[in-house]
Amino acid sequence: MTKGIAVLGSTGSIGAQTLEVARFLGLRVHALAAGENVDLLFTQTREFLPEFVSVAFAPAADRLHARLNSDAGLLRALDGRTIEVGYGDAGLRKAAAGTDAETTVAAVSGAAGLPAVLAAIRAKKRVALANKESLVMAGRLVTSGAKERGVDLIPVDSEHCAIFQCLAGSARGDVRRLVLTASGGPFRDRPVAELAGITPEQAAAHPVWNMGKKISIDSATMMNKGLEVIEASWLFGVGREHIDVL
C-alpha cells in the first residue's frame, strides 16, 4: 500500500478518478495540482486536506488562497495546520516532488507535465504516468532517469496500463510483438469516400469524450495512436517495428 499520493491534474478525468480510488482505499493525499478550475480544486482540497495545492496562474492561486482561509469548516478540520498554495511551473514541480507522497500521479496533459515528471523522478517518487507527452518528447531522459534512481514508471492510461499488466512477470526479451488497440475515432463508421469532406469542426466534436480541440483532433486523425506507439516503445523497451495498432 502506498504511503500517500500527489495528484497532478486533479480536476481532469484521470485525476478525478484517482481521487475516487483514494477515497475508496483511504489513501492520504499530500498534494493536488490543477489548471484554473478553482471551484473543483477547492472542493477536493476541502475533502482531502492536502498540505500543498497548486494552480496554473497567480490570480487563480489568490482566489483559492482566499477561499481556503475564509472557510470555517475547513479551518476547523485543519486544526491549526495550514495548506500552502502555489502556482505555475514551480508549483507543479513542488506538488510532484516536494511532499511526503510516495507516488506522484502525473495526469497533467501536454508539454507542461514534463518538468513535473522529471522532478518527481529526481525525488525518487514512484510515477503513475498518464502524461504521454513526457515520453514522446523526452523518453530517453525520463526512462534513463527512472532507471538511474530506481523509480517505477507505472502507466495508468488504458492501453498502456493493460499491456503493463499483461507483461507482469515476463522478461522484455520474451516480447515478440505489442498490439495497441484503437477505437477508430469518431469517423470509424464513415465510408472512406466521405472522409475528404470532413471539417475541422466535425473532427473536434468527439462523440464520447470532452478532451479539448487538440486531443480531439489527434483522436479523429489517429495521430494520437502514433504518439502512443512512441510512448509504448519507451515504456516497454520495445522497438517501434515490433508495435502494431489494431
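Between the CD1 atom of Ile5 and the CZ atom of Phe48 there is a distance of 7.5 Å, given to the nearest 0.5 Å. For the atom pair CG of Asn69 and CG of Leu75, the computed distance is 6.5 Å after rounding to the nearest 0.5 Å. With rounding to the nearest 0.5 angstrom, the NZ atom of Lys225 is 10.0 Å from the CG atom of Leu246. Separation of atoms CG (Asp218) and CD (Glu228) is listed at 10.0 Å; rounding is to 0.5 Å. Between atom NZ of residue Lys3 and atom NE2 of residue His30 there is a gap of 9.5 Å, rounded to the nearest 0.5 Å. From Thr82, atom OG1 reaches atom CG of Leu68 across 10.5 Å, with rounding to the nearest 0.5 Å.
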Stepwise, does the salt bridge (charged side-chain N to carboxylate O under 4.0 Å, His left out) test hold for Arg126 with Glu102? CA-CA 6 Å; Arg126 178 191 293 115; Glu102 183 182 66; 3.4 Å; yes
Side chain to side chain contact (heavy atoms under 4.5 Å, CB included) between Leu19 and Leu32, intermediate numbers included: CA-CA 10 Å; Leu19 292 178; Leu32 296 171; 4.0 Å; yes
Is there a side chain to side chain contact (heavy atoms under 4.5 Å, CB included) between Ile217 and Met223 once you walk through the steps? CA-CA 8 Å; Ile217 294 293; Met223 182 66 184; over 6 Å; no
Take Val127 and Ile154 through the side chain to side chain contact (heavy atoms under 4.5 Å, CB included) test and state the conclusion after the steps. CA-CA 6 Å; Val127 178; Ile154 312 295; over 6 Å; no
Side chain to side chain contact (heavy atoms under 4.5 Å, CB included) assessment of His242 paired with Arg176: CA-CA 7 Å; His242 299 295; Arg176 179 173 63 84; 5.8 Å; no
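Within the 3.5 Å criterion, the main-chain N or O of Ser13 finds a donor-acceptor partner in the side chain of Gln17. Side chain of Asn131 to main chain of Gly110: a donor-acceptor pair is present (N/O by atom type, distance under 3.5 Å, no hydrogens or angles). Between the side chain of Thr104 and the backbone N or O of Ala106 there is no donor-acceptor pair closer than 3.5 Å. Looking only at distances, no side-chain donor or acceptor of Lys94 sits under 3.5 Å from a matching main-chain atom of Val53.
No chain of hydrophobic side-chain contacts below 4.5 Å, direct or via other Ile, Leu, Val, Met, Phe, Trp or Tyr residues, connects Val29 to Ile14. No single ILVMFWY cluster, assembled from side-chain heavy atoms under 4.5 Å apart, contains both Leu135 and Val108. Ile215 and Val245 are not part of a single hydrophobic cluster, where members link through side-chain heavy atoms under 4.5 Å apart. Two different hydrophobic clusters hold Leu92 and Leu41 under the rule that ILVMFWY side chains link at heavy-atom gaps under 4.5 Å. Residues Val38 and Phe57 do not share a hydrophobic cluster, clusters being chains of Ile/Leu/Val/Met/Phe/Trp/Tyr side chains in contact below 4.5 Å.
A heavy-atom distance below 4.5 Å is found between the side chains of Leu114 and Ser134. Contact check for Ser144 versus Glu148: no side-chain heavy atoms found under the 4.5 Å cut-off. Side-chain contact between Arg240 and Ser233 is present, with at least one heavy-atom pair separated by less than 4.5 Å. The shortest side-chain heavy-atom distance between Pro50 and Thr45 falls under the 4.5 Å cut-off. By the 4.5 Å heavy-atom criterion applied to side chains, Gln202 and Arg190 are counted as neighbours. Here the side chains of Leu40 and Asn37 are in contact, with some heavy-atom distance below 4.5 Å. Two residues are said to be in side-chain contact when any heavy atoms from C-beta on lie closer than 4.5 Å; Glu194 and Phe187 fail this criterion. With a 4.5 Å cut-off on side-chain heavy atoms, Val105 and Leu8 do not count as touching.
For the residue pair Gln44/Ser10, the side-chain donor-acceptor check at 3.5 Å is satisfied.
Contacts of Arg46 classified as side chain to side chain donor-acceptor pair (under 3.5 Å), with partners at least two apart in sequence or in another chain: Asp71. Under the side-chain contact (heavy atoms from CB on, under 4.5 Å) criterion, Val175 pairs with Leu167, Leu178, Val238, sequence neighbours left out.
As a member of the Ile/Leu/Val/Met/Phe/Trp/Tyr network built from side-chain separations under 4.5 Å, Phe52 groups with nothing else and remains a singleton.
With respect to Glu51 and Arg28, a salt bridge is recorded, a charged nitrogen being found less than 4.0 Å from a carboxylate O. Taking a cutoff of 4.0 Å between a charged side-chain nitrogen and a carboxylate oxygen, Glu20 and Arg23 do not qualify as a salt bridge. For Asp244 and Arg177, the salt-bridge test passes: some basic side-chain N is under 4.0 Å from an acidic carboxylate O. Using a cut-off of 4.0 Å between Lys/Arg side-chain N and Asp/Glu carboxylate O, Arg67 and Asp39 are scored as salt-bridged.
Here the closest heavy-atom approach between residue Pro155 and residue Leu235 is recorded as CB-CD1, 3.8 Å. Of all heavy-atom pairs between Lys124 and Val151, the closest is CA-CG2, 3.7 Å. Of all the heavy atoms in Ala77 and Leu49, the pair that sits closest is CB-CD1, 4.1 Å. Nearest heavy-atom pair, Leu153 versus Phe164, reported as atom, atom and distance to 0.1 Å: O-CE1, 4.3 Å. A pairwise comparison of heavy atoms in Ala101 and Ala6 identifies CB-N, 3.6 Å as the closest pair. Heavy atoms only, all atoms of each residue included: Ala33 and Ala95 are closest at CB-CB, 4.0 Å.
Other residues, nucleotides and ligands place more than 12 heavy atoms under 6.0 Å from the CZ atom of Arg81. Surrounding CG of Leu195 are more than 12 heavy atoms belonging to other residues, nucleotides or ligands, all under 6.0 Å away.
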